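Below, read A as the first sequence line, B as the second, and so on, with proteins coming before strands; counting in each chain starts at 1. Owing to the predicted nature of the structure, the values given are computational and were not obtained by experimental measurement.
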There are 2 protein chains.
Amino acid sequence: MTTTTPGSAVTPTPASSVETDPRPAVSDSETELAARLRLAVLRLSRRLRQQVAGGVTATQVSALATIERLGSPTLGELAASEQVRPPSMTKIVVGLEEAGLVNRQVDAEDRRVARVMLNAEGRRVVQRSRSLRTAYLARRLRRLSAPERQSLGELVRLLEVLVEEP
Amino acid sequence: MTTTTPGSAVTPTPASSVETDPRPAVSDSETELAARLRLAVLRLSRRLRQQVAGGVTATQVSALATIERLGSPTLGELAASEQVRPPSMTKIVVGLEEAGLVNRQVDAEDRRVARVMLNAEGRRVVQRSRSLRTAYLARRLRRLSAPERQSLGELVRLLEVLVEEP
DNA sequence: TGGCATTAGTTAGTGAATCTAATTAGAATG
DNA sequence: CATTCTAATTAGATTCACTAACTAATGCCA
């Protein structure tokens, strides 16, 4: 797989539990924060998954948004970006195709490659998922204090850094 | 269910997609941040779930950590805290019991209630999950810049606020 | 006190999500 | 041209989580 497409990454590899790490130790409070962060992320993701609108699951919306963002990604690129394995993404895309939200096309230069693109309905679904009424997180964010909102951009950036491949 | 236990909450209810909300509109940049937050959380949770150590899944570790944190919670409290429905938590706890990590006890004052508590092995598993070698997030957090680390506590708190029941 | 409503947890059944192993087809290389 | 590598798919299995229905226990009120 070539890595010339913007935003593309290699397929996520299983993490090793036995790696040797020479870096300085993390303090206890940092370990505590890591533990709390882990709990919060897992819990929040459950909440997000519970929001199903118009028959479109959180997993599907996420994939649609990523397709929009990456612009006709290959199936492998999409899988890597979403942090799932290619067979998993094949299934997700098949479901989106059956729902009439995306189209798949063989790449003109490499016939092994399937490119995924939003069709008009898929675009609508993504837009709608971001509307005030349907966007669960947008609604919750309105309950934050002004200082908390200030921190929001930084929080999002930090989480995105954590998601990136090591 | 009484709500006198610290950290307890009612069972999460399905979100309504048709609620009327009179609050001021969120700006576009905030909507954008919400969308990015959503993607980051879902992706990061996938990464966390991919970390399986010693045969203990991310879901089990999360439940163990919450049991430790809440201190012999009722099954309902545990489910609410973890953002899953009671039947789901019954299954998780059954698995943990079979793995020899927790014990269940009928509450002395209300025989409907099952309290869950860590046994010695469960305590060990939670501690181990927080060690430098095994804590995926702790390892990743060490790659943050110093200013990012400064903000960490606040950002974790912000995420926890988002998880809380509306 | 008895009947009814409410509550806590469990069982049964189903579907979503994701992984690994294997396979197929296409591209690259010597 | 043969071999190796790569992208996606298929098949099978596991994990995770929901809903509906049920059982047992508790609380409340006439």
Side-chain angles (χ1 to χ4, degrees), chain A residues 1-5 8-15 42-43 45-52 55-63 73-80 82-99 104-116, chain B residues 1-3 5 8 10-15 42-43 45-52 55-63 73-80 82-99 104-116:
Chain A
M1 177 171 76
T2 63
T3 54
T4 55
T5 309
S8 70
V10 296
T11 304
T13 54
L42 287 174
R43 289 170 178 168
S45 76
R46 279 172 174 148
R47 273 195 171 270
L48 293 174
R49 284 181 188 280
Q50 286 160 8
Q51 322 303 324
V52 178
V56 189
T57 67
T59 297
Q60 290 176 324
V61 171
S62 183
T74 67
L75 205 126
E77 285 163 354
L78 186 54
E82 289 287 278
Q83 308 299 327
V84 297
R85 301 291 187 271
S88 307
M89 188 48 75
T90 299
K91 287 208 174 113
I92 293 167
V93 169
V94 163
L96 290 173
E97 217 176 6
E98 285 170 359
R104 270 192 287 187
Q105 270 185 344
V106 175
D107 187 81
E109 305 186 338
D110 185 339
R111 302 192 56 74
R112 297 172 300 182
V113 170
R115 287 196 173 273
V116 191
Chain B
M1 176 171 76
T2 63
T3 56
T5 311
S8 68
V10 296
T11 305
T13 54
L42 287 174
R43 289 169 181 172
S45 75
R46 279 171 174 150
R47 271 195 175 271
L48 293 174
R49 285 180 189 279
Q50 285 160 7
Q51 322 302 325
V52 177
V56 188
T57 66
T59 297
Q60 289 176 321
V61 172
S62 183
T74 69
L75 205 123
E77 284 162 357
L78 186 54
E82 289 288 276
Q83 308 297 328
V84 298
R85 302 290 187 272
S88 307
M89 188 48 74
T90 300
K91 289 212 174 109
I92 294 168
V93 168
V94 165
L96 290 174
E97 215 174 8
E98 286 171 356
R104 269 191 288 185
Q105 270 185 344
V106 175
D107 188 80
E109 303 185 341
D110 185 340
R111 301 191 59 72
R112 296 172 301 183
V113 170
R115 287 196 175 273
V116 192

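- Note on Arg104(A): a side-chain N or O is less than 4.0 Å away from OP1 or OP2 of dT9(D).
- Gln83(B) places its CD atom 15 Å from the C1' atom of dC16(D), with the value rounded to the nearest Å.
- For the pair Thr59(B) and dA17(D), the criterion of a side-chain N or O lying under 4.0 Å from OP1 or OP2 is met.
- Of the two residues near DNA chain D, Val94(A) and Gln60(B), the one whose nearest nucleotide lies more 5' is Val94(A).
- Within the 4.0 Å cut-off from OP1 or OP2 of dA17(D), at least one side-chain nitrogen or oxygen of Arg46(A) is found.
- One interatomic measurement links the two molecules: CD of Glu82(B) to P of dC18(D), which rounds to 12 Å at whole-angstrom precision.
- Residue Gln50(A) places at least one side-chain N or O under 4.0 Å from the OP1 or OP2 atom of dC18(D).
- Closest contact between the side chain of Thr74(A) and the listed nucleotides dT10(C), dA8(D), dG9(C) involves dA8(D).
- Look at Thr90(B) and you'll find a side-chain N or O under 4.0 angstrom from OP1 or OP2 of dT10(C).
- Neither OP1 nor OP2 of dC16(D) sits under 4.0 Å from any side-chain N or O of Ser88(B).
- When the side-chain nitrogen and oxygen atoms of Arg49(B) are compared with OP1 and OP2 of dT15(D), none of them lie within a distance under 4.0 Å.
- Looking at Ser62(B), its side chain never comes within 3.5 Å of a backbone N or O of Ala58(B) through a donor-acceptor pair.
- Rounded to whole Å, atom P of dT11(C) lies 15 Å from atom CD1 of Ile92(B).
- At a cut-off of 3.5 Å, with distance as the only test, no side-chain donor of Gln83(A) or Arg43(B) sits close to an acceptor on the other residue.
- Atom-to-atom, CD of Glu109(A) to C1' of dT6(D) comes out at 16 Å; the value is rounded to the nearest Å.
- For Arg112(A) and Ala114(B), each mapped to the nucleotide of DNA chain C holding its nearest heavy atom, the one lying further toward the 5' end belongs to Ala114(B).
- A donor and an acceptor atom never sit less than 3.5 Å apart when one is taken from the side chain of Lys91(A) and the other from the base of dG15(C).
- Look at CG on Leu75(A): it is 18 Å from P on dT6(D), rounded to the nearest Å.
- The CG atom of Asp110(B) sits 12 Å away from the P atom of dC28(D) (whole-angstrom rounding).
- Residue Ala63(A) comes nearest to Leu78(A) through the heavy atom pair O-CD1, 4.0 Å, listed as atom of the first residue, atom of the second, then distance.
- Taking atom CG of residue Asp107(A) and atom P of nucleotide dA8(D), one finds them 9 Å apart after rounding to whole Å.
- The closest donor-acceptor contact from the side chain of Arg46(A) to the backbone of Glu82(B) lies under 3.5 Å.
- One finds a side-chain N or O of Arg85(A) lying less than 4.0 angstrom from the OP1 or OP2 phosphate oxygen of dC19(C).
- Note that CG of Leu48(B) and CG of Leu42(A) are 5.0 Å apart. Values are rounded to the nearest 0.5 Å.
- Atom P of nucleotide dT10(D) and atom CE of Met89(A) are separated by 16 Å, given to the nearest angstrom.
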